Each structure stands twice: as C-alpha cells, then as structure tokens.
Amino acid sequence: WHSILNTFPNPVTLNKKILNEDGTIYDQITFVNKAFIDTIGYTTEEIPTDIVWFQKAYPDEAYQNYVTEEWSKLVEKATKKDTTLLGFPANITCKDNIQRWFQVTTNLDYPILDQYHLIVFVEIETPENIILELQEATEDLQLRNQKLLVSEQKIEKQYNLINSIVNTVQVRIFWKDKNGVYLGANKLFLEDAKLDNKDEIIGKNDFQMPWGKTEGKLYRDDDLIVMNSDIPKINFEELQTDSDGNITTLLTSKVPLKDSDGDIFGVLGCYVNITNQRMTEEELRKQKDILHHQAHHDALTGLPNRTLFQDRLEQAIEKAKRNN
C-alpha cells in the first residue's frame, strides 16, 4: 500500500497510535508519501512522531497550542455527534520555511489494518484570510492493480484499504474507462449522482447521469482531451446541473489512468463543490462596494462627501504635476 499512497497527488502521512507507559498517547509517523516530501519537505526520519511534526509545522508556540486545542475539540465534537470525518484548515510551515494553508483531513471510522490511520493534506487558497475554495482536490488511485495481489486474502485487504482511502477524503472521486463508462466512484460522488451504491454506477456513462442532458457531452469531450493528450487537467472550474435543474460550480481535476505498462486505459477525476465559496466571495464583493459607497457619500442625500472630494482633488493634483 506504500506504492499506492505514492500515487496520490496530495501529501499523505500514515500514523500509528502508541501508548506510553505513563498512559499518554502519541502518533508514530510510519510513512509519508512522495507528494508530502515534494510539497512539505519532511521525511519520516525528520518527523518520527506527531510531537516532532507539530513543532516543525507550527513553530509559533501560540499557534501550535491553538491547532492542538482546535483538533481536540473536533475529535470530541465528532465523538458526541457520532460523525467520523474531520477536516481542519491549518497554516503549515514547510521545510523550506514557506507557509502554506492545508485542509488537514482524517476519518475516525476507517482505521487501516486495525491500527493505522491516514492523514490527508489538501492545499487551499486563503485570499483576504478567508478560505474560499479547496485548491488541491485530487486523489489518484488505481483500484485494479492485480499484480500487487497474489492471493484472495491480499485482494480483500487491498480492496478494503482503497475503499477506506477514497471514502476518507472530502472530495468526489470517480474513474472511467476509455469509452467513458464508469468503473467506480466514492460515496460522495454517488450522492451527487443520486445513486445508493457503487454497483449502480458501474457500466453507466455521463449521458445516463442527472447531468446527462446539460453537461454529458462536455464531460465526455473533456475526458477525451485528457486521455488523448496524456496531460492532466488540474483545478479547473465547471458547472453541473442536477435533475431538478439546480446548477453548482465545481473545482475539478482529471488525470489519465495508466496500467502497469504505462498504457492509458481511462481517466480518474475528482472535484469539490465550490458553489458556496463563490457565493461567499460575491457577497464579500457586494459588502465591500456598499462600504466603499458609504464611506464616500452622504447617508442622507446620497451625494459625494468631503472624503470623496479630497480623494479626487489629490488625484487631480498628481495628474497636474505629471502634465506639468
């Protein structure tokens, strides 16, 4: 499963719970994938435990304490509400001393091999200190790598591992063959497709989905471009219309699926719904325009006030200076 995790475009750590003799618990970081090393910079030798990781990722002690407390609150809240998926935005200091924002995600209900748990880092943008959209939304999995499986028992373990991973991340994931026929999807994608289980989607194409009449052809053409060019298409916006006519905005990524010989046999995609983020962004713009207008106009008459006059006067003076 190390080789599978190394195919992920997102940074991932594999952690194991360790119980000290004094009764305290900490995480031993047993593995980090290639994307983690490339993006964040640290190897398992440099961050052997979550204690060391927190010291390096959050060197500011006050912020480190804040992250620790917030994460503990999330775990406690999830336990009370009987939920399993945790996601928390954190400003991480990477090995190169550059700070990057990540959505740190794990699933309490999907332990791997009964003792390990997965931490997924999805890089996000933070314009004006407001997290508007998840930027990195890709989980590149190859579910049918039969060469890794040598027995029925290993096949079952491999399947359970992959199923745990794709249902841990907070993105919709799907994969199709070269003809555009769905080979599988995770639970969140099935919800969007209004299907109850993964068996219902296998064998269908986009023209048979709720968005078939509106975006079916667009999705098919887009898949062909990715497969024929062998070039991933990362973080682009597209629209999706459900059977009720509701339109959502998606941040989508697609990559070619390849077999062990390097031949393309399909396409793997994932997306997040950023409709609310776009609505929030638009609302912030409106509020900014209103505040700007209120600052430069009289509240009673609506006429320009002294502040606006002073601003225009200063501009006119500067223009006069430039024109001599």
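All values derive from a computational prediction rather than experimental measurement.
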Grab the two heavy atoms, one from Ile201 and one from Met209, that are nearest each other, plus how far apart they are.
CG1-CE, 4.3 Å

Of all heavy-atom pairs linking Pro210 and Ala193, the shortest is CG-O, 3.6 Å

Could you check Tyr42 against Phe36 for ring pair (Phe, Tyr, Trp, His ring centres under 6.0 Å), going step by step and ending with a plain yes or no?
CA-CA 7 Å; Tyr42 294 110; Phe36 186 96; 7.4 Å; no

Pairwise salt bridge (charged side-chain N to carboxylate O under 4.0 Å, His left out) hits with a residue in residues 199-211, at least two apart
Lys176-Asp206

Please report the interatomic distance CD1(Ile18) to OH(Tyr26), rounded to the nearest 0.5 Å.
5.0 Å

Ignoring hydrogens and angles, state whether a donor on the side chain of Thr252 or Glu238 is under 3.5 Å from an acceptor on the partner side chain.
yes

Should the pair Arg172-Glu191 be classified as a salt bridge under the 4.0 Å nitrogen-to-oxygen rule?
no

Should Val226 and Leu257 be regarded as members of a common hydrophobic cluster, given that ILVMFWY residues are connected when their side-chain heavy atoms come within less than 4.5 Å of each other, either directly or indirectly?
no

Provide the closest heavy-atom pair for Asn235 versus Ser253 in the form atom of the first, atom of the second, distance.
N-OG, 3.0 Å

Report the C-alpha distance between Arg100 and Glu123 in whole Å, list the side-chain angles of each, state the deciding distance to 0.1 Å, and finish with yes or no for side chain to side chain contact (heavy atoms under 4.5 Å, CB included).
CA-CA 7 Å; Arg100 296 181 175 90; Glu123 192 166 1; 3.4 Å; yes

Nearest heavy atoms of Leu118 and Thr106, plus distance in Å:
O-OG1, 2.8 Å

Thr249 and Glu237: CA distance, side-chain angles, deciding distance, side-chain hydrogen bond (donor to acceptor under 3.5 Å, both in side chains) verdict
CA-CA 7 Å; Thr249 304; Glu237 289 191 21; 5.5 Å; no

Would you indicate whether Asn323, at its atom CG, is surrounded by more than 12 heavy atoms from other residues, nucleotides or ligands within a distance under 6.0 Å?
yes

Grouping I, L, V, M, F, W and Y whenever their side-chain heavy atoms are under 4.5 Å apart, do Tyr66 and Ile92 come out in a common cluster?
yes

Polar side chain donor-acceptor pair, Asp192 to Tyr271, under 3.5 angstrom:
yes

Side chains of Trp101 and Pro89: closer than 4.5 Å at any heavy-atom pair?
yes

Does the ring center of Phe54 lie less than 6.0 Å from the ring center of Tyr63?
no

Hey, could you give me the CG/NZ distance between Asn6 and Lys34, rounded to the nearest 0.5 Å?
8.0 Å

Would you say Val12 and Leu14 are hydrophobically clustered, going by side-chain heavy atoms of ILVMFWY under 4.5 Å?
yes

N/O donor to acceptor pairs below 3.5 angstrom from side-chain atoms of residues 313-321, sequence neighbours left out:
from	atom 1	to	atom 2	distance (Å)
Glu314	OE2	Gln310	NE2	3.4
Gln315	NE2	Asp311	OD2	2.8

Sort and list the pairs that fulfil salt bridge (charged side-chain N to carboxylate O under 4.0 Å, His left out) and have at least one residue in residues 55-72, not counting sequence neighbours.
Glu70-Lys73

In terms of side-chain geometry, is the basic nitrogen of Asp223 or Lys254 positioned less than 4.0 Å from the acidic oxygen of its partner?
yes

Taking every heavy atom of Leu268 against every heavy atom of Phe174, the minimum-distance pair comes out as CD1-O, 3.3 Å

For a side chain to side chain contact (heavy atoms under 4.5 Å, CB included) check, start with the C-alpha distance between Tyr58 and Asn91, then their side-chain angles and the critical distance, and finish with the verdict.
CA-CA 8 Å; Tyr58 316 112; Asn91 190 11; over 6 Å; no

Could you tell me which non-hydrogen atom of Asn15 sits nearest to which non-hydrogen atom of Asp27, and how far apart they are?
ND2-OD2, 3.1 Å

Between Val267 and Ile234, is there a shared hydrophobic cluster once you connect ILVMFWY residues whose side-chain heavy atoms come closer than 4.5 Å?
no

Carefully, step by step, assess Ile264 and Asp230 under the rule side chain to side chain contact (heavy atoms under 4.5 Å, CB included).
CA-CA 8 Å; Ile264 296 174; Asp230 192 14; 3.6 Å; yes

Yes or no on side chain to side chain contact (heavy atoms under 4.5 Å, CB included) for Tyr219 and Leu224, after CA distance, side-chain angles and deciding distance?
CA-CA 9 Å; Tyr219 291 172; Leu224 288 173; over 6 Å; no

Run the side-chain hydrogen bond (donor to acceptor under 3.5 Å, both in side chains) test on Glu45 and Thr43 for me, step by step, so that the C-alpha distance in whole Å, both residues' side-chain angles and the decisive distance to 0.1 Å come before the verdict.
CA-CA 5 Å; Glu45 289 76 15; Thr43 64; 3.2 Å; yes

Phe88 vs Val67 side-chain heavy atoms within contact, under 4.5 Å
yes

Could you give the distance from CG (Leu250) to CH2 (Trp211), rounded to the nearest 0.5 Å?
9.0 Å

Does Gly180 offer a backbone N or O that forms a donor-acceptor pair with the side chain of Asp177 under 3.5 Å?
yes

Spacing of Asn205 atom CG and Asn179 atom CG [to the nearest 0.5 Å]:
9.5 Å

Using only heavy-atom distances, determine whether the side chains of Asn65 and Thr68 contain a donor-acceptor pair under 3.5 Å.
no

